[in-house]
Amino acid sequence: MAVPKIVGIETEYGVSLRGAPEPNPVVASSLLINGYVEQRRIGWDFEDESPGRDARGFARDGAQPPEIETHLVNAVLTNGARYYVDHAHPEYSTPECADPLEATLFDKAGERILARSMEAARRLLPAGQEIVVYKNNSDGKGNSYGCHENYLVDRNVPFAALVRSLIPWFVTRQVFTGAGKIGSENGADPCDYQISQRSDFFEEEVGLETTLKRPIVNTRDEPHADPQKYRRLHVIVGDANLCEVATFLKVGATAIVLAMIEDGFIDKDLSIASPVAAIRAVSHDPTLQSTVDCTSLGRCTAIELQWEFLRLARKYADESGLDCCGPEAIGTLVLDRWESVLGALESDPSTLDGQLDWVTKLELLRAYADRDTLAWNNPKLELLSVQYHDVRPGRSLYEKLVRGGRIERLLGEDDVIAAMADPPVSTRAYFRGTCLARWADSVVAANWDSLVLDVGVEPLRRIPMMEPTRGSKVHVAELFGQVSTPRQLVERLTAN
Amino acid sequence: MAERERKQKPAPKEREEVVDEEVASSSERGEKLKEDIDDLLDEIDSVLEDNAEEFVRSYVQKGGQ
């Protein structure tokens, strides 16, 4: 039986500092985070970080210690998220979530946190300067920054089994995960418009890198959980989505595919020839007619391969249930949405305007180009294509579409606002977030899998959290109700 | 198929009326949609960054993960 598909999404936002003589993105990113975190900053505990460890079972030659710049801003929020500076971008990592709808909620809360950070930063900047952030993945000039997903996976699954089914999965899922962009980058063949912002940047099938020669399957083996039991699959191939439907489906369907791999349910070889060329070819064809060469299906389109994954997923749900992917109703929602989206992509992709980012953006660009008779290389269209991702509520074209009732929402805005401060109830993020909300001054350091508390007497107490499903509201709400200080909390925890 | 069967049920006269209404409402819907899109594009014009060329040229990011 597959382990619970605990999931989190990390997003590196594009950042511009306007009006400054020498704009520095690291300074701008730090200002955003410092501006947001008005209470005492909680340091991040790097003790268990090991991004150089490889899931294939070896350490990279001359592997460097993790790229840590400890002087950079690094905050943990009361909703259990991490908010920090990474590679000259502000990055928000959602807390660990137990189902795809929860992950979508905390991902959207991140956009609101960035929006509020921009307002806070404006108060710290000289007049005439402004920081603007974009939830996208490329500047159109060959520079890409990521939106990574992380899934809890059983350590016993051979990594090769993951690779075999995940490559065709990642090459084809972009038909609904893509955020769309004008033109190509990184030496890819020219095109007017393509489905994914990221696909041009993938040059290897499997590997440890994340910033150059990016691999379709990333092998970083840093579980942030009990390493005997778990892996954390670090997915670097996806686009950052604004459409809630796209995020929900991206995470929900990927979790189900992982559960199937874990349970040995995928009984055929779905691998495809030349995946690196294929991921670009699929992205470069918004008509969705391009084909890949699949071992068991022969020449087929990305959608045909997706139908095969969905057929297997339906069968898996019937036989094993989808308990590991969250509440049953949510599993059903994923399967039904997956089916309706594939059907629509096959018959008329434009009907997914308002559900998928790449379609929504394409329809907007087409309408605009039609009205003003603009060619695809007109800078105005490129501007629209970037400004779609602007996170400022008044400037975001995506938000304009939301307010015009043209985007299907899955989340209530009140829930999104609440998720900026309150942690998910279903994972250890509840424990982390609650400790921070109640005793911020006593939390000396926090990490995904531990918390260090100052209980008023020496020594500092480190609370390990190696089991991502433990520390949920069901586990610890009663305990929190019975203690009023961190010292009492630690006493109760160590007494058990 | 189910759709077609359902439409065959009413008496002939009623059916014509239904069809007329559908045609009328569909063309009204079409015009309404077009107006909506025109309004939306106007609204977008009001928030678009001023100088598209300059914006596109200066939107440069450091690479990330």
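Model, not experiment: these values are computed from the prediction. First the proteins, then the strands, lettered A, B, ... as listed; each starts at 1.
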Peer 1: Would you mind checking which part of A:Asn137 comes under 4.5 Å of any heavy atom in chain B, side chain (CB onward), backbone (N, CA, C, O), both or neither?
Peer 2: neither
Peer 1: Is the side chain of A:Gln387 donor-acceptor paired with the backbone N or O of B:Val47 at a distance under 3.5 Å, no angle test?
Peer 2: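 Yes: the side chain of A:Gln387 pairs with the backbone of B:Val47.
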Peer 1: Do the non-hydrogen side-chain atoms of A:Tyr388 and B:Ile44 ever get within less than 4.5 Å of each other?
Peer 2: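 No; the side chains remain at least 4.5 Å from each other.
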Peer 1: Decide if atom CG of B:Asp42 counts as having more than 12 heavy atoms of other residues, nucleotides or ligands within a radius under 6.0 Å.
Peer 2: yes
Peer 1: Can a salt bridge be assigned to the pair B:Glu54 and A:Arg18 using a cut-off of 4.0 Å between side-chain N and carboxylate O?
Peer 2: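 Judged by the 4.0 Å cut-off on N to carboxylate O distance, B:Glu54 and A:Arg18 do not form a salt bridge.
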Peer 1: With a 4.5 angstrom heavy-atom cut-off, is it the side chain or the backbone of B:Leu48 that approaches chain A, or both, or neither?
Peer 2: both
Peer 1: Quick check on the interface: out of A:Glu382, A:Glu10, A:Arg371, A:His148, who has the most heavy-atom pairs with chain B under 4.5 Å?
Peer 2: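 Heavy-atom pair counts peak at A:Arg371.
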Peer 1: Tell me, for A:Val15 versus chain B, whether the close heavy atoms (under 4.5 Å) come from the side chain, the backbone, both or neither.
Peer 2: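 For A:Val15, the contact with chain B is made by backbone and side chain together.
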Peer 1: Below 4.5 Å, heavy atoms only, C-beta onward: do A:Leu383 and B:Asn51 meet side chain to side chain?
Peer 2: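 No. Closest side-chain heavy atoms not under 4.5 Å.
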Peer 1: Is A:Arg395 close to B:Glu49 at the side-chain level, that is, under 4.5 Å between some pair of heavy atoms?
Peer 2: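 Counting from C-beta outward, B:Glu49 and A:Arg395 do come under 4.5 Å.
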Peer 1: Which atoms of A:Lys141 come close to chain B, meaning under 4.5 Å heavy atom to heavy atom: side chain ones, backbone ones, both, or neither?
Peer 2: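 Contact with chain B: side chain only.
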Peer 1: Which atoms of A:Ala88 are under 4.5 Å from chain B, going by heavy atoms: the side chain, the backbone, both sets, or neither?
Peer 2: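 The answer is the side chain of A:Ala88.
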Peer 1: How far apart are the closest heavy atoms of A:Arg198 and B:Gln65, and which atoms are they?
Peer 2: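 Heavy-atom minimum between the residues: NH1-O, 3.1 Å.
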Peer 1: Using non-hydrogen atoms and a 4.5 Å limit, figure out which bit of A:Leu397 sits close to chain B: side chain, backbone, both or neither.
Peer 2: side chain
Peer 1: Can you tell me which portion of A:Arg392 sits under 4.5 Å from chain B's heavy atoms? Options are side chain, backbone, both or neither.
Peer 2: side chain
Peer 1: Less than 4.5 Å apart, side chain to side chain, heavy atoms only: is that true for B:Ile37 and A:Tyr368?
Peer 2: no
Peer 1: Taking side chain as everything from C-beta outward and backbone as N, CA, C, O, which of these in A:Asn218 sits under 4.5 Å from a heavy atom of chain B? Side chain, backbone, both or neither.
Peer 2: neither
Peer 1: Could you check if a side-chain atom of B:Lys62 sits within less than 4.5 angstrom of a side-chain atom of A:Asn143, using non-hydrogen atoms only?
Peer 2: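 They are not in side-chain contact.
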Peer 1: Given 3.5 Å as the limit, does a donor-acceptor pair link the side chain of B:Gln61 with the main chain of A:Tyr145, or not?
Peer 2: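 No.
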Peer 1: Heavy-atom distance under 4.5 Å to chain A: side chain of B:Phe55, backbone, both or neither?
Peer 2: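 Side chain only.
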Peer 1: Using a cut-off of under 4.5 Å for heavy-atom pairs, which of B:Asp39, B:Asp36, B:Asp38, B:Asp45 has the most such pairs with chain A?
Peer 2: B:Asp45
Peer 1: Please flag which part of A:Ser138 lies under 4.5 Å from any non-hydrogen atom of chain B: side chain, backbone, both or neither.
Peer 2: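 For A:Ser138, the backbone is the part near chain B, not the side chain.
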Peer 1: May I ask you to check whether over 12 heavy atoms, not counting those of A:Lys400, lie within 6.0 Å of atom NZ?
Peer 2: yes
